[in-house]
Each structure stands twice: as structure tokens, then as C-alpha cells.
Student: 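Pasting a structure here, questions to come.
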Amino acid sequence: MTAPTKPPHTVPAPGSPGSPVDGTHLHTPVIAWFDTHARDLPWRHPEAGPWGVMVSEFMLQQTPVSRVLPVYEQWMARWPRPADLAAEAPGEAVRAWGRLGYPRRALRLHGAAVAITDRHGGDVPSDHAQLLALPGIGEYTAAAVASFAYGRRHAVLDTNVRRVFARAVTGVRYPPNATTAAERKLARALLPEEERTAARWAAASMELGALVCTAKSEACHRCPIAGQCAWRLAGKPEHEGPPRRGQTYAGTDRQVRGKLLAVLREAHTPVPQAALDRVWHEPVQRARALDGLVADGLVEPLPGGRYRLPLT
DNA sequence: TAAGCGTGGTC
DNA sequence: TGACCAAGCTT
């Protein structure tokens with residue numbers, strides 16, 4: 001391995017060694033903007049509590065707010081504490097998940113509720129490492145719950161924040177496909193020292209990406225930091241580098257899984273094989289999709305070729 | 001590291 | 001109209 005030679009006359013990229021990144025010039029305007037423009041979302045109310053925050057974070061993984069809202073309300077009314085969900089069959093979580101998509105999240109949220117009940121006395125932990133150990137919680141969600149529910153100081157790096165940083169600080173239209181070490185380092189460097197301010201900054205920078213600095217139609221005229229945005233000041237250069245990989249869906253196993261599970265969600269008695277066979281004409285793919293659902297624990301096969309959502 | 005995993009809205 | 005996108009996680 002040859003050590004790369006550092007070009008002698010280049011300015012260090014923001015967040016790189018030797019480049020002091022101080023976010024104070026961003027914190028104040030973004031937090032002030034958040035104070036007047038933040039959406040009134042139920043999981044931001046004090047009564048939502050840590051469990052409400054956690055439920056919302058699971059549901060919001062790759063799913064828009066507008067579709068989460070009604071399911072969230074029903075969910076919290078039915079299972080106001082982790083122990084309430086833990087006492088249910090996992091299939092009930094999958095059913096209540098409805099059409100939010102990625103139903104493995106429902107199974108993992110149920111698993112997390114069981115773990116919280118067993119290991120944490122029924123209280124959502126505030127410690128990042130303990131959160132990370134729960135099923136369905138990765139780096140982002142652990143930081144989000146610790147920050148939003150408990151006011152802890154964590155870099156909360158979701159797709160919105162990554163885009164805001166890419167533009168405002170790094171000066172490019174889009175962040176890399178996958179989160180890089182440089183992005184994590186930058187996010188940590190920009191984190192306000194004070195715990196309360198850091199938590200506020202996390203929510204505010206995220207909201208800015210969700211409402212103003214969006215992927216397709218950035219609204220710089222409404223942006224509190226437009227005057228200091230590196231990307232805008234550079235003339236909004238187009239995206240360079242590898243194309244952002246899109247998601248395919250039509251004709252995939254994913255689509256077939258969705259159709260199969262929709263039948264099982266609606267049914268309240270075991271479903272015969274023939275009913276499932278109707279959702280997809282191609283038998284090989286259909287069988288593969290069903291096997292996958294069973295392997296994932298989303299579907300429970302019964303003797304006699306019948307199926308249902310999992311009871312255990 | 002990259003692929004797999006749902007669903008529906010938007011332009 | 002179809003490609004893109006939406007508060008990611010797991011393997």
C-alpha cells in the first residue's frame with residue numbers, strides 16, 4: 001500500500017484534518033428557523049415520551065411523514081407502552097403496520113419492545129449503545145432516540161442532514177450513496193458543545209432538509225443559511241460522480257412479497273395456499289417470495305398448506 | 001460493500 | 001409516465 005501524497009497547495013476539505021470546522025455560524029440561524037417553522041408532529045409532543053419517539057423513528061425509516069401519521073396514532077393508542085406491544089403476538093404488529101412498507105420493521109419493533117420489557121424494565125433506554133443493541137435500531141435511530149427523546153448530544157445523520165451538510169458545507173448537490181467516515185466526522189465537528197443545543201440542532205438540521213433543502217427542489221429563498229451555503233455560492237454545480245442508484249420494484253420479489261402479505265394482513269383465519277396463489281401468476285417466483293417471508297418470520301406456515309401472520 | 005427489503009406520492 | 005424519492009437496517 002502506497003501512502004497517497006498530499007497535494008501541496010489544496011485547501012483541506014471541510015471536516016478533514018487541519019480544517020477547523022465550527023458550526024456556530026449555522027447553529028443560530030437554523031435553530032431560529034426551526035423555532036418558527038417546525039412541523040407540529042405528535043411524536044414531538046412531550047406526552048409522546050421516549051416510546052413514542054422510538055415508534056415514530058421505526059415508522060419513519062424510508063417512509064414519509066404523511067403516511068406514518070395515522071398508523072402512529074393507532075399504534076400508540078393500542079400499545080401506549082413497550083410492555084403492551086411485547087405482550088402481543090408479533091403478527092399483530094405486522095397487521096397493525098398496514099401498508100407502511102418494509103414490514104420487517106414491525107417485527108423488529110415488536111422484538112425491541114420485548115427486549116425493552118425484559119432487559120430494561122419496560123423503559124426505552126437512553127444510552128446509545130443500549131439502543132443500538134435493540135433489533136431494528138442502527139446508528140441513525142439510536143442517535144435520534146437518544147437525542148430527541150432524552151436530549152442527549154449525538155450526531156444524527158439521516159438522509160436530510162447528509163444532504164444539508166453536502167450542500168451547505170461541502171458544496172455538492174448530493175451526498176455519497178453510502179454514509180462515509182468523512183461525513184460522520186463532519187457531523188461530529190458541527191455538533192454544538194452544549195447538550196441541549198446539540199439536540200435542538202439535530203432536529204433543526206433534519207427539518208431543514210425535510211422542508212427546505214429537499215432532494216429535487218431546494219427552496220433557497222426560504223433557507224436561513226442560503227447566504228453561507230457552499231453549494232449555492234459555487235453556483236449550484238450539478239452532481240458529479242457515480243449515478244445515485246435507484247430502487248427497482250416492478251416485477252421483483254419485493255412486489256410479490258407485498259401482495260402475499262397483504263392477503264395475510266386482511267385475513268383473520270389461516271389462509272389456504274390457493275388464496276395466495278392468486279396474487280402472482282409465476283409459480284417459481286411466488287414460491288420463492290413466500291419462502292422468504294417465512295424465513296424472515298413474517299409468515300407462519302401451518303400443517304396442511306395454510307399460512308398466517310406469526311403467533312410467536 | 002452492496003444488495004435486498006414495500007408502498008405510494010410527485011413531477 | 002416512469003423514474004425518483006421518503007427520519008435505514010441487516011446480512
Side-chain angles (χ1 to χ4, degrees), chain A residues 34 38-39 41-44 48 52-72 94 97-109 111-112 131-149 154-164 173-181 183 187 202-211 213-218 239 242-265 279-280 285 288-289 291-293 295-299:
Chain A
F34 185 65
R39 290 168 291 181
L41 300 170
W43 44 87
R44 288 177 173 165
V53 171
M54 183 174 145
V55 168
S56 75
E57 290 302 334
F58 268 78
M59 292 183 174
L60 289 163
Q61 292 168 2
Q62 301 280 281
T63 304
V65 167
S66 60
R67 286 179 36 222
V68 165
L69 283 169
V71 182
Y72 171 85
V94 174
W97 197 254
R99 307 188 66 78
L100 284 183
Y102 293 143
R104 289 187 295 191
R105 291 181 294 168
L107 225 43
R108 289 169 184 156
L109 179 51
L131 287 164
L132 201 53
L134 297 173
I137 294 192
E139 189 177 330
Y140 161 75
T141 304
V145 172
S147 181
F148 302 156
H154 290 285
V156 179
L157 251 196
D158 79 318
T159 187
N160 292 305
V161 174
R162 293 181 63 220
R163 187 173 54 250
V164 169
R173 198 184 200 319
Y174 294 120
N177 273 332
T179 306
T180 63
E183 286 181 275
S205 53
M206 230 169 114
E207 189 80 337
L208 186 64
L211 297 184
C213 194
T214 61
K216 302 185 78 170
S217 59
E218 71 280 356
H239 183 65
R244 322 178 68 219
R245 73 168 184 285
Q247 309 153 322
T248 54
Y249 182 65
T252 61
D253 287 5
R254 246 197 280 198
Q255 183 181 21
V256 185
R257 288 166 56 108
K259 287 178 177 295
L260 290 169
L261 208 56
V263 172
L264 293 163
R265 273 199 311 264
V279 308
W280 198 254
Q285 187 178 28
R288 187 174 63 232
D291 284 350
L293 288 170
D296 286 346
L298 284 164
V299 172

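Just so it is clear, the values below take in all heavy atoms, side chains as well, and ignore hydrogens, waters and symmetry mates. Just so we're on the same page: letters track the sequence lines, and every chain starts at 1. All figures in this text were calculated on a predicted structure; none of them were measured in a lab.
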Student: Considering only B:dC5, C:dA7, B:dT7, which nucleotide approaches the side chain of A:Arg254 most closely?
Tutor: B:dC5
Student: With sugar-phosphate meaning primed atoms plus P, OP1 and OP2, does A:Leu298 contact a base, only sugar-phosphate, or nothing at under 4.0 Å between heavy atoms?
Tutor: nothing
Student: Report the distance from atom CE of A:Met54 to atom CG of A:Leu134, rounding to the nearest 0.5 Å.
Tutor: 5.5 Å
Student: What interatomic distance, in whole Å, is found between C1' of B:dT1 and the corresponding atom of C:dT11?
Tutor: 11 Å
Student: Base, sugar-phosphate, or nothing: which does A:Leu100 touch, judged by heavy atoms less than 4.0 Å apart?
Tutor: base
Student: For the pair made of CG in A:Asp296 and P in B:dC5, what is the distance, rounded to whole Å?
Tutor: 8 Å
Student: Give one of base, sugar-phosphate or nothing for A:Thr141, where a contact means two heavy atoms less than 4.0 Å apart.
Tutor: sugar-phosphate
Student: Base, sugar-phosphate, or nothing for A:Arg104, non-hydrogen atoms under 4.0 angstrom?
Tutor: base
Student: Indicate, with a heavy-atom threshold strictly under 4.0 Å, whether A:Ala215 touches base, sugar-phosphate, or nothing.
Tutor: sugar-phosphate
Student: Roughly how far apart, to the nearest Å, are C:dA7 and B:dA2 at atom P?
Tutor: 23 Å
Student: Under 3.5 Å, is there a donor-acceptor pair between the side chain of A:Arg105 and the main chain of A:Leu100?
Tutor: yes
Student: Specify the residue among A:Ser66 and A:Leu293 whose closest nucleotide of DNA chain B lies further upstream toward the 5′ end.
Tutor: A:Leu293
Student: Is A:Glu139 touching bases, backbone alone, or none of the nucleic acid, heavy atoms closer than 4.0 Å?
Tutor: sugar-phosphate
Student: Please pick, from C:dG8, C:dC5, C:dA6, the nucleotide with the shortest atom-to-atom distance to any side-chain atom of A:Tyr174.
Tutor: C:dC5
Student: Given B:dT7, is OP1 or OP2 found less than 4.0 Å from the side-chain N or O atoms of A:Arg265?
Tutor: yes
Student: Classify the nucleic acid contact of A:Trp97 as base, sugar-phosphate or nothing, counting any heavy atom under 4.0 Å across all strands shown.
Tutor: nothing
Student: List for me each residue that meets side-chain contact (heavy atoms from CB on, under 4.5 Å) alongside A:Thr141, sequence neighbours excluded, and say none if there are none.
Tutor: A:Glu57, A:Gln61, A:Ile137, A:Val145
Student: Between A:Ala178 and A:Lys216, who's closer to the 5' end of DNA chain B by nearest nucleotide?
Tutor: A:Ala178
Student: Do any side-chain nitrogens or oxygens of A:Gln62 fall under 4.0 Å of OP1 or OP2 in C:dG8?
Tutor: yes
Student: With a 4.0 Å cut-off on heavy atoms, is A:Arg288 in touch with a base, just the backbone sugar-phosphate, or nothing at all?
Tutor: nothing
Student: For A:Arg39, which contact category applies under a 4.0 Å heavy-atom criterion: base, sugar-phosphate, or nothing?
Tutor: base
Student: Rounding to the closest angstrom, what is the interatomic distance between C:dC4 and B:dA3 at atom P?
Tutor: 15 Å
Student: Quick check: on DNA chain C, is the nucleotide nearest A:Ser56 upstream (toward 5') of the one nearest A:Pro135, or the reverse? Name the residue that is more 5'.
Tutor: A:Ser56
Student: Donor-acceptor pair under 3.5 Å: do we get one between A:Thr159's side chain and the base of C:dG8?
Tutor: no
Student: Under 4.0 Å between a side-chain N or O of A:Arg163 and OP1 or OP2 of C:dA6?
Tutor: yes
Student: Do we see a donor-acceptor contact under 3.5 Å between the side chains of A:Arg254 and A:Tyr102?
Tutor: yes
Student: Before accepting this row, confirm whether a basic side-chain N of the pair A:Glu218/A:Arg163 lies closer than 4.0 Å to the acidic partner's carboxylate O.
Tutor: no
Student: Give a yes or no on whether A:Glu139 atom CD has more than 12 heavy-atom contacts from other residues, nucleotides or ligands under 6.0 Å away.
Tutor: no
Student: Kindly say whether, by distance alone, the side chain of A:Arg67 makes a donor-acceptor pair under 3.5 Å with the base of B:dT7?
Tutor: yes
